[in-house]
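Every chain is numbered from 1 and lettered A, B, ... according to where its sequence line falls, protein lines coming before strand lines. Computed over heavy atoms, backbone and side chain alike; hydrogens, waters and symmetry mates excluded.
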Amino acid sequence: MKHNEKEDVNSSEKKTSNFVQTIINEHNTSGRFDGRVHTRFPPEPNGYLHLGHAKSICLNFGLAKDNDGLCNLRFDDTNPIKEEAEYVESIKTDVRWLGFDWEEREFFASDYFDTLYAYAEKLIQKGLAYVDDLSAGEIREHRGSMTQPGKESPFRNRSVEENLDLFRRMKSGEYSDGAKVLRAKIDMASGNLNMRDPVMYRILRAKHHRTGEKWCIYPMYDFAHGQSDSIEGITHSVCTLEFEDHRPLYDWFVQNLEIHAPQQIEFARLNLTYTTLSKRRLLKLVQEKVVSGWDDPRMPTLSGIRRRGYTPESIRNFCSAIGVAKANSTVDIQLLEHYVREDLNKKADRVMGVLRPIKVVIENYPEGKTEELEAINNPADPNSGTRTLPFSRELYIEETDYMDDPPKKYHRLGPGREVRLRYAYFITCNDAIKDEDGNVIELRCTYDPETRGGNAPDGRKVRGTIHWVSVPHAQEATVNLYDRLFGKENPDEVEEGQDFFANLNPNSLEVLSNAKVEPSLKKMSPGAQVQFERQGYFCIDLSSTSEQLIFNQTVGLRDSWGKMQQKKTS
RNA sequence: UGGGGCGUCGACAAAUGGUAAGUCAACGGUCUUUGACGCCGUCAUUCGGAGGUUCGAAUCCUCCCGCCCCAGCCA
């Protein structure tokens, strides 16, 4: 596959077609928005962004790019009790990391509080909104049920003057929290509950992360979102399926306000096997310290997968692969893993790292001798060059690369067996030394000096090639191995009598504190990504230092041998 | 039982009345100094079901079945 050398968002990703684009095309032919496309990504700053948001980000920014349009970043910050400045910073970091740029178009719904307030007065003037004194519970009772129409509030027919006066007094702080609300006057008998006189403003004394104490009334989502879109000149307001029922209300507000009317379009949110994308649940994992934080490498947050070693490009490729549709679906997590492997295969240099070491002594190799052997950095990238590997009499190899009594087709080390040490020599195992529990702790081998570099002059073939690290040159390292956070394919589905935490996988983290890695790794800094040959892709953790190297496993290599073994035993 | 949506391979998902793309997974094979990668091949006579319209239907019509969302002063 010939790829562009530069891998930026503009050159290496192709246009994708989906039903949203089809709608845009129709608008283009009808001339509804003069061919202009302006989208927005509108997160509420009440948590960290996750893979579900990545789908939305890629969609919104992608639509803008594909149509020579614009995409804004807008924080939907209308509920001060859940929102924090910390979250807005993390969101900006994550969107940028994913590779998207909103340029100077960074907005907040709170930027529009004055305008929104004026819009509300306008609806009051038009006789389309009223102040209601009913309590929250009474409003609920009046709303009726899904099958029964609602009842009108006794305050529904106040005069325009009275409503205006009351609303102004709500704003000026005359009433306590919850004492009154402003409602749109629509239809208490509508089959759509959202149209049964929805609340537009509530009284809420809370410090807002941007407007501070300026307001004691805050607009509801429904009264803020469409108008914010309208103010920004958004043409296509893309959101998830659960807002489908809100569209008539969205349209009602912009129509009665007589302002620019964007088109709301809904798509199915992302679901992934073995993971939850519920903000509420992710928050809980953080609060209950089930994970180390929002950026725990097992979290499906963008900060988590970044720390895990996922690349932005792999996430973008994943998002374009899963497509955009209206059908609820659950994407196999293996598809995500496929896209990181694909990307890292091109980008990550190969290195030698022994995760669970056992020692090998090459009895016929001179004591004190060291050789430098040449190794290829990345066979998938011809420009990556080579490096040198120190070799000596004592080495570490992987525990799993030796078996006393190997099964058929096992072509690693066993009594009397010969293998190739990658880039080095053929060695033959003569003896295995065990501790009192019978665990192999050391192998005594001999090497064939004729096979330097890994080829036998006599043409002799060897089935297995294993990785190794020279004992005197080895760097100590800690390696974090990860498995899926949940043991259940759909962790959001909680069994009777159990809670959500019962779905956790107790073995999602395994810390290997005795790993040995080749010396070239010592100079690598946090964030660097490598492939430990025959094992997987790893990145150097944020907290890693040159004294204490820490690697996080991004994803393992595909392992057809392991899979075969597993099939046999099961 | 009110309103709004959705049903195409194990998982995603195209095809918009012209004879079922692609990707992942799986399975064979090939290559191999990573049991990786790559490469080659197999994998839906059928589109939730039943009728109908048409020369022709996954696409249009009718009825049925199943799944999802909605009764926050959350977003």
- Query: Is the shortest distance from a Lys or Arg side-chain nitrogen in Glu232(A) or Arg40(A) to a carboxylate oxygen in the other one below 4.0 Å?
  - Reply: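 Salt bridge: no.
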
- Task: Please determine if Arg210(A) and Glu83(A) form a salt bridge, counting it only when a charged side-chain N lies under 4.0 Å from a carboxylate O.
- Result: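 Between Glu83(A) and Arg210(A) there is no salt bridge, as every charged N stays at least 4.0 Å from the carboxylate O atoms.
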
Gap in Å between the two [atom1] atoms, one belonging to [N] and one to [M], rounded:
N: U23(B); M: G5(B); atom1: P; result: 34 Å
N: A14(B); M: C60(B); atom1: P; result: 16 Å
N: C39(B); M: C24(B); atom1: P; result: 10 Å
N: C69(B); M: U54(B); atom1: C1'; result: 37 Å
N: A20(B); M: C63(B); atom1: P; result: 30 Å

Which part of the nucleic acid does [X] contact within heavy-atom distance under 4.0 Å: base, sugar-phosphate only, or nothing?
X: Leu557(A); answer: base
X: Leu134(A); answer: base
X: Leu193(A); answer: base

- State the syn/anti category of G51(B) according to its glycosidic angle, syn meaning within 90° of 0.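 That one's anti.
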
Distance test, side-chain N/O of [X] to OP1/OP2 of [N], below 4.0 Å:
X: Arg196(A); N: G72(B); result: no
X: Arg534(A); N: G35(B); result: yes
X: Arg143(A); N: C73(B); result: yes
X: His467(A); N: U34(B); result: no
X: Lys326(A); N: C68(B); result: no
X: Thr78(A); N: A75(B); result: yes
X: Arg558(A); N: A26(B); result: yes

- Query: Near RNA chain B, which residues from residues 373-381 of chain A have a heavy atom under 4.0 Å away?
  - Reply: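 Close to the strand are Pro379(A).
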
- Whichever of Lys409(A) and Leu241(A) has its nearest RNA chain B nucleotide further upstream toward 5':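 Final value for this comparison: Leu241(A).
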
Which listed nucleotide ([options]) is nearest to the side chain of [X]?
X: Glu242(A); options: G35(B), C69(B), U1(B); result: C69(B)
X: Arg350(A); options: U34(B), C12(B), C74(B); result: U34(B)
X: Asp245(A); options: A71(B), G4(B), U34(B); result: G4(B)

- Would you please classify the geometry between the Tyr48(A) ring and the Trp294(A) ring as parallel, tilted or perpendicular, with 30° and 60° separating the classes?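 Parallel, since the angle between the ring planes stays under 30°.
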
- Message: Classify the ring geometry of Tyr117(A) against Trp215(A): parallel below 30°, tilted from 30° to 60°, perpendicular beyond 60°.
- Response: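 Correct class here is tilted.
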
